[in-house]
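Since the structure comes first, as structure tokens, the remarks are kept for the end.
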Amino acid sequence: MECHYACRSSDHAIARRKFLAGMVAAGAGTMASGLEVFTRPAAAGLLAKDQKRVVVFYMHGGLSQLESWDPKPGTDTGGPFRSIETSVPGIRISELLPEVARQMHHLCLMRGVNTSEDDHGKGQYLMQTGRRQSPAADYPALGAVCARTMAPEGSAIPGHIVLLPWGGGGRGSDAAYLGPRYSSVHLAEGKPPQYTDRPGQVSEAMDAARQDFRRQVNERFLQRRRTAVTEAYTYSYEQALGLMRRKDVFDVSKEPPRDFDRYGKTAFGRHCLMTRRLLEQGATFVQVWHANYDTHNENFNFHLEQLGEFDRAFAAFVADLHDRGMLDSTLIVVNSEFGRTPGINHLYGRDHWSHAWSVVLAGGKIQRGAAYGKTNARGTEVVDGQVSSAALFHTYLQAVGVDSTDSFDIEGREMPIADPAAKAIQAVLA
Amino acid sequence: MGIPTGFDPGKAHIAAQWNVGTSMVCCRVEPKGQFVYCGVQGPTIHRLAIADGKNVPLTGGHDSWVFALATTPNGGTLYSGGGDGRIVAWEIGLETPHLLRKTEAHQGWVRALATSTDGRLLASGGNDHAVRIWETATGRRLHDLGGHQGDVYSLAFEPSGQTLLSGDLLGSIRRWDLATGREIGTFDASALHHHDGSQFVEFGGVRGLATSTDGSLIAAGGLHKASNPLGAVSEPLVLVFDSRTRKIVRTLTADGITSGVVWNLSFLADGSIVAASSGTSGGFLLFWKPGTDRSHHRLALPNPVRDMNLHPDGLRVATAHHDGYLRLTRLASGHH
């Protein structure tokens with residue numbers, strides 16, 4: 001298996017030592033010049049050749065597997081929607097996803113997911129980190145792991161981007177022991193990161209002068225006190241400057257008008273188009289949220305609404321990545337915190353259900369046009385190919401060439417990248 | 001129709017109930033009042049005899065749930081609309097109903113069906129935002145009525161026989177001229193619609209439509225105060241419009257029901273309104289007297305309700321329930 005980062009071979013150990021040494025010794029000035037490299041398109045293009053990327057579509061609230069990837073029409077749990085043929089003979093999905101059905105030959109359905117966690121917060125944590133939430137330890141989210149292991153060193157574009165449907169912006173606290181440098185940068189409502197405009201009253205020359213002064217003072221300070229926190233502080237400033245110079249990366253209006261039609265004139269459509277743009281500009285990890293699927297009430301009406309948006313935009317996104325030759329280097333994941341109950345409640349709703357649900361993978365080293373795992377006729381339990389969130393986490397990383405069995409060196413302490421008790425699902429890795 | 005002998009909603013009670021074994025979605029009493037047809041969470045329609053509850057299943061028509069039912073005024077034909085987008089015509093005037101015709105009618109669910117008072121026309125509405133008019137004798141499509149921006153939830157022919165009303169998810173009610181197929185007026189029922197910007201959903205809609213016997217009033221049922229659509233937090237609401245001015249003349253609420261939606265409603269012989277409401281607060285038949293905006297009486301049903309239909313005798317209300325029961329409530333004391 002191709003290994004791009006942090007396996008325990010001597011080569012990669014050296015690379016990691018070099019990286020850490022660089023962080024400690026180089027100082028802020030060096031870091032600034034490193035960032036400059038990636039503001040030059042030619043240099044960025046050279047690096048992009050080997051860059052791997054991950055995109056997670058997070059179906060917030062808990063997408064119903066029965067209305068999407070694992071329909072059971074004609075059963076008492078199946079609901080009113082029918083299943084349809086896809087581009088892969090023998091694989092049928094819900095009729096709510098006609099455009100996705102045409103892209104099925106790129107996808108791999110994981111129909112045997114059993115995570116045994118029906119709480120929103122804990123389920124989200126479990127699916128994002130591959131570990132159960134515990135007061136005893138905190139683990140980095142997939143985006144933080146990808147940023148640390150895959151993002152080009154010194155890139156001006158954040159390595160861990162979360163594209164949210166609501167406002168707020170800011171950064172997440174989802175990097176755990178990897179440190180705030182790898183925490184998510186939130187693009188609220190698909191807008192550029194906050195505070196990326198230079199204040200009008202500060203001229204370019206004034207700004208350059210104050211940044212130089214800041215670097216000098218920083219360097220003096222760092223000669224005596226250098227910690228992970230001061231590193232993150234310094235890095236954040238330099239990254240922010242890089243972002244300000246490359247703000248156009250986040251300007252989705254520069255995409256061709258016809259693509260807005262293809263993706264659908266919805267917020268989610270714009271966010272998917274933004275994601276395509278970010279990937280093409282060198283982003284490593286983007287998580288796109290689509291809300292809201294927590295349909296305790298009127299599950300069918302709400303899935304009709306939500307999946308209509310999702311179907312068009314997601315199908316266009318997958319097709320575009322394939323057409324642009326990016327699918328081999330980009331892993332796509334569609335997940336939630338859990339699925340929804342096979343039983344239909346008196347409100348026409350479905351409740352939380354983590355014992356037999358589905359996740360979708362595509363790209364990278366993932367097999368194409370496949371369905372792995374199986375639930376029983378009523379969708380109440382997994383009968384074949386059961387997988388856990390920990391196994392999925394390993395699989396995500398191995399699909400983009402990261403040795404998930406390796407460990408991070410955190411101040412001399414080895415922290416396994418993924419749950420060492422689980423393994424990648426080799427059956428879906430090509 | 002005059003007020004039936006013994007009519008007293010204050011004495012409403014469940015007089016009979018029959019279980020078909022599957023959660024119900026909709027129900028219609030045929031015009032002769034002998035049978036109730038029930039759509040369920042499945043493709044089968046159940047014919048229940050009101051005399052003894054005998055169940056005759058109607059199969060082979062649909063590939064999805066049945067969401068809508070309508071009968072011709074002479075009781076000869078039943079129409080069923082399904083999640084498969086299909087309208088199925090059933091001959092029901094005989095001892096054993098049988099399938100007459102299947103029509104691929106809508107892209108997506110058929111949500112609503114209604115027949116004209118003369119039985120000549122069938123109207124259908126669906127998730128494709130379309131309202132369609134069909135000739136019952138031939139099954140021929142006469143009109144495509146476009147204009148709704150949301151799923152069409154409800155239909156009602158007006159007593160004049162000249163016009164049709166259609167209500168949608170977004171709280172728009174449109175009046176259509178049946179001769180020309182043109183829209184000739186709208187009613188603002190947007191109070192029944194809620195866009196939730198934090199849950200990113202459209203919710204509510206005109207779930208039920210009814211006209212008074214003389215056609216002067218139009219009632220639209222649904223919900224309001226939807227503070228949590230995904231969690232079913234909303235309250236039942238009925239808007240009453242003046243048919244001529246198209247203005248709201250009454251706003252009917254039900255105190256104390258914090259989770260409910262009106263699924264259907266009907267004018268009663270004395271001009272009062274009955275509505276079937278359901279939610280986590282429970283299932284209810286709610287009653288409003290003419291001239292009052294707060295429900296004056298309610299019957300708590302033993303299980304959440306999904307639809308209701310008034311029996312032709314004006315004295316009984318059939319309700320379709322989640323627990324698979326069809327219940328018959330008598331709006332009077334005693335059983336007969």
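Computed from a predicted model, the values in this text were never measured in an experiment. Residue numbers start from 1 in every chain, and the chains themselves are labelled A, B, ... in the order their sequence lines are given, proteins ahead of strands.
B:W263 and A:Y348 have perpendicular rings, their planes meeting at more than 60° on a 0 to 90° scale where under 30° would count as parallel.
Taking the six-membered ring where the residue is Trp, the centroids of B:W65 and A:F300 are separated by under 6.0 Å.
Proximity to chain A (any heavy atom under 4.5 Å) is shown, for B:V305, by neither the backbone nor the side chain. The parts of B:D84 that come within reach of chain A are both its backbone and its side chain, each placing non-hydrogen atoms under 4.5 angstrom from that chain. Using a 4.5 Å cut-off between heavy atoms, B:S259 makes no contact with chain A at all. For A:E309, no part lies near chain B; criterion is any non-hydrogen pair under 4.5 Å. Heavy-atom distances place the side chain of B:N127, and not its backbone, under 4.5 Å from chain A. Using a 4.5 Å cut-off between heavy atoms, A:L304 contacts chain B through its side chain alone, with no backbone atom that close. At a 4.5 Å heavy-atom cutoff, the contact between A:N345 and chain B is made by backbone atoms alone.
Residue A:N292 holds its CG atom at 9.0 Å from CG of B:D196, rounded to the nearest 0.5 Å.
Side chain of A:E305 to main chain of B:F203: no donor-acceptor pair is present (N/O by atom type, distance under 3.5 Å, no hydrogens or angles).
Here the closest heavy-atom approach between residue B:P304 and residue A:H346 is recorded as CG-ND1, 3.3 Å. Contact between A:L347 and B:A232 at its shortest, heavy atoms only, is CD1-CB, 3.7 Å. Of all heavy-atom pairs spanning B:D63 and A:R82, the tightest one is O-CG, 3.8 Å. Of all non-hydrogen atoms in A:A291 and B:F200, the two that sit nearest each other are O-CB, 3.3 Å. Of all heavy-atom pairs between A:Q306 and B:Q199, the closest is NE2-O, 3.8 Å. Across B:Q41 and A:I344, no two heavy atoms sit closer than the pair NE2-CD1, 3.9 Å.
Annotation for B:K102: atom NZ counts as buried by contact number, over 12 foreign heavy atoms lying within 6.0 Å.
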Next item on the list: Could you walk me through whether B:L230 and A:T295 pass the side-chain contact (heavy atoms from CB on, under 4.5 Å) test, one step at a time?
Entry: CA-CA 5 Å; B:L230 298 176; A:T295 50; 3.9 Å; yes
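Chain A forms the most heavy-atom pairs under 4.5 Å with one residue out of B:T280, B:V66, B:V261, B:T22, and that residue is B:T280.
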